[in-house]
Amino acid sequence: MIVSRRNLLVGAGAASALTLVPAASAARLKAIGLQLYTVRDIFAKDPVGTLEQVARIGYRETEFGGGGYESMDHAMLRKTMVRLGLTAPSIHISYDALLQRFEPSVAMAKTLGATTVVLPYMTEEHRNEQGWNAALPNFNRFASDLRRVGLGFAYHNHDFEFTVRPGGVSLYDRLLKETDPTLVKLELDLYWAAHAGEDLTALIGRLAPRLYAYHVKDMRTDRSMAAVGQGTIDFAALFKLGGSAGVRHFYVENDQAPAPYLPDIATSFRTLRALRF
């Protein structure tokens, strides 16, 4: 976000007040990102044109996910991003792909310029105690193997990780306990955590050392998804929390963005660019 410290801190006490500003404020939203799953329908049909539109809106970071990007020409996508001044710090790669096609997945990530691989989704067979406990050792293995080739690893949540609670312990808490905190980082989807009934302020404080990125989407009073600024989540309050200080990327995402998609992501971008915290 383009707000200078001079505008944020005025008066004779500015120098001393500076120490009170959370670190996240000092690094706030300089590059607003977009998870391309939001525009998957148009991206699948015209990836270059879609990236051009995304850059024209003002986005400077992207996160690949959906739209069939896995089977596209990754060198061409990277060349397009360089031309447009875009980067892709992280990409979403499925659990099965990491299990069965690890080396091609690494090659894809590196060609796209990513430095972190995010596991975005666990299918129904893993959403129980037995399936989840069987998968968690692979999370550690993915992260360890990725580190050896110079890539980070993070897990992206939906709501089921919080609401499925075998023996009274949520799948998310099991993830936190059974995975290596130095290797397995977290991409916190703020909407889905709120949808699951989590207190976002408390959750961010608890997860702070492991937070890598936020997925930023808003929630209406009926709990449906909305463009940022068209719902009830107070993002400014969340971003200024001390627990947000280590968050490196803020990716707009709306799984249910209405066609033609571009107005929705433009609304989210304008809201975040104007946000003051």
Side-chain angles (χ1 to χ4, degrees), residues 1-3 8 21-39 54 57-63 65 90 92 118 120-121 154-163 170 172 176 185-208 210-258 261-277:
M1 177 166 27
I2 42 179
V3 181
L8 183 63
V21 179
S25 295
R28 58 194 174 280
L29 308 198
K30 291 180 180 178
I32 300 169
L34 176 71
Q35 164 52 247
L36 291 169
Y37 184 77
T38 309
V39 293
V54 167
I57 289 169
Y59 287 97
R60 288 297 172 261
E61 293 185 348
T62 59
E63 185 177 54
S90 49
H92 281 191
V118 178
Y121 189 78
Y155 180 81
H156 168 271
N157 65 282
H158 288 77
D159 58 350
F160 75 88
E161 294 93 340
F162 300 100
T163 59
S170 73
Y172 205 75
L176 296 177
K185 301 304 180 181
L186 304 170
E187 181 173 74
L188 181 61
D189 190 305
L190 297 167
Y191 167 88
W192 281 118
H195 189 272
E198 291 293 309
D199 179 329
L200 292 180
T201 298
L203 182 64
I204 289 168
R206 187 159 67 97
L207 303 181
R210 299 179 71 166
L211 288 175
Y212 161 74
Y214 284 149
H215 268 196
V216 186
K217 67 187 82 166
D218 220 332
M219 184 166 64
R220 298 186 182 93
T221 54
D222 65 0
R223 301 176 75 229
S224 63
M225 292 181 192
V228 180
Q230 295 187 338
T232 61
I233 298 177
D234 187 346
F235 293 105
L238 297 177
F239 294 167
K240 72 180 179 182
L241 292 171
S244 294
V247 175
R248 295 169 55 192
H249 305 287
F250 298 76
Y251 294 118
V252 166
E253 185 187 41
N254 186 348
D255 312 21
Q256 302 166 4
Y261 312 107
L262 297 173
D264 191 88
I265 67 171
T267 295
S268 292
F269 179 82
R270 287 193 302 267
T271 300
L272 290 176
R273 183 176 59 182
L275 199 63
R276 300 292 185 266
F277 60 93

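A quick note: this is a predicted structure, and the numbers were derived from the prediction, not measured. We're numbering straight along the sequence, starting at 1.
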* To do: Please find out if less than 6.0 Å separates the ring center of Phe235 from that of Phe250.
  => no
* For the side chain of Arg210 and the backbone of Leu176, is there at least one donor-acceptor N/O pair under 3.5 Å apart? -> yes
* Asked: Can you tell me if Tyr251 uses its side chain to pair, donor with acceptor, with the backbone of Glu187 under 3.5 Å?
  -> no
* Option passing side chain to side chain donor-acceptor pair (under 3.5 Å) with Lys217 (candidates Asn254, Asp255, Thr38) -> Asp255
* Asked: With Phe162, which residues qualify under ring pair (Phe, Tyr, Trp, His ring centres under 6.0 Å), at least two apart?
  -> Tyr172
* Side-chain (Arg248) to main-chain (Gly246) donor-acceptor, under 3.5 angstrom -> no
* Test Thr201 against Leu238 for side chain to side chain contact (heavy atoms under 4.5 Å, CB included), laying out the working first. => CA-CA 7 Å; Thr201 298; Leu238 297 177; 4.0 Å; yes
* Asked: Taking the six-membered ring for Trp, are His92 and His156 parallel (under 30°), tilted (30 to 60°) or perpendicular (over 60°)?
  -> tilted
* Heavy-atom pair of closest approach, residues Ala213 and Val247 -> CA-CG1, 3.8 Å
* Asked: Can you name the residues that form a ring pair (Phe, Tyr, Trp, His ring centres under 6.0 Å) with Tyr261, not counting sequence neighbours?
  -> none
* Asked: Which heavy atom in Leu211 sits nearest to a heavy atom in Gly243, and how many Å separate them?
  -> CD1-O, 3.6 Å
* To do: Any chance you could lay out the side chain to side chain contact (heavy atoms under 4.5 Å, CB included) test for Leu36 and Tyr59, step after step, and finish with the verdict?
  => CA-CA 11 Å; Leu36 291 169; Tyr59 287 97; over 6 Å; no
* Asked: Is there a side chain to side chain contact (heavy atoms under 4.5 Å, CB included) between Asn157 and Leu188 once you walk through the steps?
  -> CA-CA 6 Å; Asn157 65 282; Leu188 181 61; 3.5 Å; yes
* How long is the gap from CZ on Arg223 to OH on Tyr191, to the nearest 0.5 Å? -> 7.0 Å
* **Glu63 vs His215, side-chain hydrogen bond (donor to acceptor under 3.5 Å, both in side chains): CA-CA, chis, key distance, verdict** => CA-CA 10 Å; Glu63 185 177 54; His215 268 196; 2.8 Å; yes
* Structure fact -> Between Ile204 and Leu190, the two heavy atoms sitting closest are CD1-CD2, 4.2 Å
* What's the shortest heavy-atom distance between Gly229 and Thr271, and which atoms? -> CA-CG2, 3.8 Å
* Asked: Rounded to the nearest 0.5 Å, how far apart are CZ of Arg270 and CG of Leu272?
  -> 11.5 Å
* To do: Compute the centroid of each ring, for Tyr121 and then for His158, and state whether the two points are separated by less than 6.0 Å.
  => yes
* What's the verdict on side chain to side chain contact (heavy atoms under 4.5 Å, CB included) for Thr221 and Thr232, showing C-alpha distance, side-chain angles and the deciding distance? -> CA-CA 7 Å; Thr221 54; Thr232 61; 3.8 Å; yes
* Tell me, please, which residues at least two apart from Asp159 pass side-chain contact (heavy atoms from CB on, under 4.5 Å). => Trp192, His195, Ala196
* When you measure from the side chain of Asp218 to the backbone N and O of Met225, does any donor-acceptor pair fall under 3.5 Å? -> no
* To do: Please check if the side chain of Ser244 supplies one atom and the backbone of Lys240 the other of a donor-acceptor pair under 3.5 Å.
  => no
